[in-house]
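The following block contains the structure, expressed as structure tokens.
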Amino acid sequence: MSHPYETLPEDRFWRTAVAERDAMEITGLWKPRHEIRRRTRIVTAGSCFAQHFAKALVARRYRWLDFEPGPAGLTAEQRKDYHYGTFSFRTGNIYTPRMLHQWLSWALTDVPVPEAVWEKDGRFYDPFRPGVEPGGFVSPEELCASRRETLAAIAAAVKGSHVFVFTMGLTEAWQDRATGVEYAVCPGTVAGTFDAEAHGFVNHGFAALMADMTAALRLLFRVNRGLKVLLTVSPVPLTATASGNHVLTATSHSKSLLRAVASELVRAQPRVDYFPSYEIITHPAYRGRFFASNLRSVLPEGVDHVMAQFFRDQAAAFGAVAALPPAPAALVPLPEEAPEPELSEAEELRCEEEILAAFAPDRRHG
């Protein structure tokens with residue numbers, strides 16, 4: 001052997017692994033560290049794309065767990081509207097590592113929960129999950145009681161699961177300047193009042209993202225010593241940016257940082273793995289075929305392809321039996337139902353960040 005490249009397999013070369021293949025035939029993108037079986041207890045949290053992941057697991061009869069299923073008697077549509085079954089607990093979307101660390105700190109330690117409440121038209125909204133209660137809560141007391149239920153569900157989920165799947169979505173966020181507490185959305189968009197002196201924009205850099213994710217992992221592993229964490233990065237572009245940059249380059253900046261954080265955490269943490277759903281959806285090799293016409297929403301065939309790769313790579317690594325095809329809708333247990341893979345414009349409003357689209361200028365009139 002004259003040099004190391006002579007003995008590398010074909011998947012290490014662009015020509016043989018990508019250029020000479022149909023994109024749908026590109027395989028082996030993931031070398032999973034940990035086996036995930038049908039009975040593995042899985043919980044999901046994070047950005048909007050995590051909703052797709054949970055739905056796909058349930059459809060294939062994997063053991064996705066819902067620790068906050070909500071009151072009995074709700075219809076499937078009501079459960080969606082009130083964010084039951086969207087994630088494994090009713091936090092709404094957790095977009096950033098800082099938000100994940102906040103929720104875990106409140107649920108798993110004695111860190112006090114902020115008393116912040118937003119008001120709009122006589123109704124009350126949780127600044128950390130403003131979209132979970134359509135029309136807001138009746139009173140601050142009802143809001144706080146509901147938040148305590150969610151914190152209890154988070155604690156139960158961490159203690160009672162084998163795999164914690166977290167989808168990182170954003171680096172941009174809005175904070176309370178005095179405390180550093182991070183909100184789910186900018187104050188004044190869903191509810192509350194924006195105050196430039198009290199509320200500050202932050203675009204987390206690599207060091208801050210790493211510190212927050214490392215702190216979150218430390219909490220998870222302290223509470224559940226057998227827990228494994230599977231990271232993904234949401235392929236969904238930013239709805240809007242307050243960074244001062246074009247939204248396209250702002251998206252590239254945020255996703256690149258999150259992807260780099262994921263790689264560093266996998267290198268440093270044996271119990272952490274990364275699944276490349278981001279690459280499968282966004283890479284130029286796939287020519288954008290998995291995006292809807294708005295270039296944001298991921299089409300059902302994209303979700304199906306991502307999950308097919310997930311189960312195929314698991315089987316290749318651990319010799320498992322190939323996953324069953326998605327179950328018919330009637331076979332999916334109602335209490336574990338998650339949103340449909342393709343989100344309509346109205347349904348996307350369940351992703352708090354999507355609400356920002358309503359503030360975009362109308363190019364058709366001026």
Side-chain angles (χ1 to χ4, degrees), residues 43-59 64-95 99 103 117-154 157 167 169 183-186 189-192 234 236 239 292 294 296-298 300 303 329-330 332-359:
V43 298
T44 55
S47 189
C48 299
F49 194 75
Q51 300 176 26
H52 301 320
F53 204 93
K55 177 69 174 179
L57 289 170
V58 172
W64 177 76
L65 300 178
D66 185 353
F67 282 85
E68 195 172 5
L74 294 179
T75 67
E77 193 61 30
Q78 287 172 327
R79 296 185 72 254
K80 290 180 182 179
D81 288 342
Y82 285 83
H83 284 252
Y84 290 110
T86 304
F87 302 104
S88 292
F89 26 78
R90 196 176 173 227
T91 54
N93 300 284
I94 301 176
Y95 289 112
M99 287 180 66
W103 278 113
V117 174
W118 288 347
E119 188 269 339
K120 180 180 179 180
D121 299 331
R123 304 286 289 191
F124 301 91
Y125 296 79
D126 192 332
F128 312 113
R129 45 180 200 142
V132 301
E133 189 79 8
F137 292 92
V138 172
S139 67
E141 292 76 19
E142 182 187 53
L143 183 157
C144 291
S146 173
R147 188 190 290 163
R148 286 193 295 271
E149 291 178 358
T150 294
L151 293 174
I154 294 172
T167 299
Y183 304 120
V185 294
C186 178
T189 53
V190 179
S234 171
V236 179
T239 298
N294 64 6
R296 291 193 74 252
S297 301
V298 178
V303 177
V332 178
L334 183 60
E336 296 182 344
E337 185 174 331
E340 292 296 326
E342 164 66 353
L343 300 177
S344 69
E345 291 294 329
E347 286 174 328
E348 276 196 314
L349 294 179
R350 297 191 182 94
C351 294
E352 285 92 345
E353 192 218 4
E354 184 65 24
I355 294 172
L356 298 177
F359 299 95

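Source: prediction; values computed, not measured. Index from 1, following the sequence. The figures here come from the full heavy-atom set of this structure, side chains too, leaving out hydrogens, waters and symmetry mates.
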Aromatic ring pairing Trp118/Tyr183, orientation class (parallel under 30°, perpendicular over 60°, tilted between): tilted
For Phe89 against Ala153, the heavy-atom pair lying closest together: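 Reported closest heavy-atom pair: CB-CB, 4.0 Å.
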Glu142 (side chain) donor-acceptor with Val138 (main chain) under 3.5 angstrom: yes
Phe128 and Thr91, any side-chain heavy atoms less than 4.5 Å apart: no
Any donor-acceptor pair under 3.5 Å from Asn294 side chain to Arg296 backbone: yes
Nearest heavy-atom neighbours spanning Ser47 and Tyr95: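 Heavy atoms only, the tightest pair is OG-CD2, 3.7 Å.
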Salt bridge Glu133-Arg147, side-chain N to carboxylate O under 4.0 Å: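 Not counted as a salt bridge, because no side-chain N and carboxylate O are separated by less than 4.0 Å.
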Within-4.5 Å side-chain heavy-atom neighbours: Glu119 and Tyr125: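 SC-SC contact between Glu119 and Tyr125 ruled out.
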Criterion side chain to side chain contact (heavy atoms under 4.5 Å, CB included) against Arg129, the qualifying member of Thr150, Val185, Leu143: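 Filter result, single survivor: Thr150.
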Donor-acceptor contact present, side-chain Ser234 to main-chain Val236, <3.5 Å: yes
Atom pair OG (Ser146) and CZ (Phe124), whose distance is rounded to the nearest 0.5 Å: 14.5 Å
Smallest separation among heavy atoms of Pro130 and Val190, with atom names: CB-CG1, 3.9 Å
Point-to-point distance, once rounded to the nearest 0.5 Å, from CZ of Phe137 to CZ of Arg123: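 Spacing of CZ (Phe137) from CZ (Arg123) equals 9.5 Å.
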Sidechain-backbone polar pair: Glu68 side chain, Arg90 backbone, donor-acceptor under 3.5 Å: yes
Test item: Arg79 side-chain N/O and Leu74 main-chain N/O as donor-acceptor pair under 3.5 Å: no
side-chain contact (heavy atoms from CB on, under 4.5 Å) evaluation trace for Thr167 with Phe53: CA-CA 9 Å; Thr167 299; Phe53 204 93; 5.6 Å; no
Donor-acceptor under 3.5 Å (Ser88 side chain, Thr44 main chain): yes
Whether His52 and Phe49 hold their rings parallel, tilted or perpendicular, with breakpoints at 30° and 60°: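 Rings of His52 and Phe49: perpendicular, over 60°.
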Tyr82 and Pro134, any side-chain heavy atoms less than 4.5 Å apart: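 With C-beta onward as the side chain, the pair touches.
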Close side-chain approach of Asp126 to Val132, heavy-atom, < 4.5 Å: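 No, their side chains stay 4.5 Å or more apart.
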Taking every non-hydrogen atom, the tightest pair across Lys120 and Ala191: CB-CB, 3.9 Å
